[in-house]
Amino acid sequence: GRKFFVGGNWKCNGTTEEVKKIIAVLNGAQVPSGDVVDVVVSPPFVFLPLVQSLLRSDFHVAAQNCWVHKGGAFTGEVSAEMLANLGVPWVIIGHSERRLILNESSEFIGDKVAYALSQGLKVIACVGETLEQRESGSTIDVVYAQTKAIADKISSWDNVVLAYEPVWAIGTGEVATPAQAQEVHHQLRKWLHRNVSAEVAQSVRIIYGGSVNGSNCKELAGLPDLDGFLVGGASLKPEFVDIINSSL
Ligand code: 13P
């Protein structure tokens, strides 16, 4: 079976005091062992060392982004090799906020995933359609194209978790229904089966993100093709613990 995966994407939020508070909650929480659930929290870059120094050893950290190639004269960027050097094991790549607000293309994201993997990082790669795309019936085409742009650039999916995050569900309180989530997750697995391999389709974790909270997580966690969550707003609150425990 695929190990359940719960990621907390803090986005551009937090102060030193708030970081210490949420870490204290996580460190005190009763959760299943690391053999049962992978828990990864993703603070802004500037808080990564603080979180690494405070966080319990069975939870791990992710950066929210990294530069697409080797570091150098790229003002304001943080390279994959810097993250590796700091012992940051994971990085989120291709979040819709970066695709849409920072204009990152699918090809750029594919390159970024490949480079991060080459530096030994594990990647949470995000895909997802906008409301307009869903309403025009192109959801599956969109997530296929985004997944293909990644698949075209990588030779192994061993260190990749795929996150399906419908843009219309992010930060809106409008969570995908279990049927909507299961359908896209199932189609993504089918795509991997046809275009990568049966083995990868079977083993890659496909997690859901978009308005997941302590009350709606349980129903989604039971879906056959859903292997965990990428949580935004609720990852800054104590209910993140309930989401970590949702697969039990
Ligand atoms: P919310 O959980 O705040 O909707 O955000 C989801 C998300 O974008 C996680 O990466």
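We count ligands from 1, going down the list as the structure has it; atoms in each ligand are counted the same way.
- Protein heavy atom at the shortest distance from atom 2 (O) of ligand 1 is Gly232 N, 2.8 Å.
- Any N or O atom pair closer than 3.5 Å counts here, and Gly171 shares at least one such pair with ligand 1.
- Residue His95 has at least one nitrogen or oxygen atom sitting less than 3.5 Å from a nitrogen or oxygen atom of ligand 1, judged on distance alone.
- Ligand-side atoms of ligand 1 in range of Glu165: 6 (C), 7 (C), 8 (O), 9 (C), 10 (O), range being under 4.0 angstrom from any heavy atom.
- In this structure Trp67 satisfies the ring-ring contact (aromatic ring centres under 6.0 Å, His included) test together with Phe74, sequence neighbours excluded.
- Using a cut-off of 4.0 Å between Lys/Arg side-chain N and Asp/Glu carboxylate O, Asp141 and Lys148 are scored as not salt-bridged.
- Partner of Tyr115 under the side-chain hydrogen bond (donor to acceptor under 3.5 Å, both in side chains) criterion, out of Lys70, His69, Glu81: Glu81 alone.
- Distances below 4.0 Å separate heavy atoms of Ala169 from the following atoms of ligand 1: 4 (O).
- Defined by atom type and a distance below 3.5 Å, a donor-acceptor pair is missing between the side-chain atoms of His95 and Gln64.
- Under 4.0 Å from ligand 1, heavy atoms of Ile170 appear from its side chain as well as its backbone.
- Applying the side-chain hydrogen bond (donor to acceptor under 3.5 Å, both in side chains) test to residues at least two apart or on different chains, the pairs with a partner in residues 53-63 are Arg56-Asp58.
- The distance from ligand 1 to the heavy atoms of Gly233 drops below 4.0 Å at these ligand atoms: 1 (P), 2 (O), 3 (O).
- When each atom of ligand 1 is checked for a heavy atom of Lys11 under 4.0 Å away, the hits are 5 (O), 6 (C), 7 (C), 8 (O).
- Side-chain contact, Lys112 with Asn65: a donor N or O sits under 3.5 Å from an acceptor N or O.
- Around NZ of Lys3, the count of heavy atoms belonging to other residues, nucleotides or ligands within 6.0 Å exceeds 12.
- Contact atoms of ligand 1 toward Gly210: 4 (O), 6 (C) (distance under 4.0 Å to a heavy atom of the residue).
- Residue Glu97 has no nitrogen or oxygen atom sitting less than 3.5 Å from a nitrogen or oxygen atom of ligand 1, judged on distance alone.
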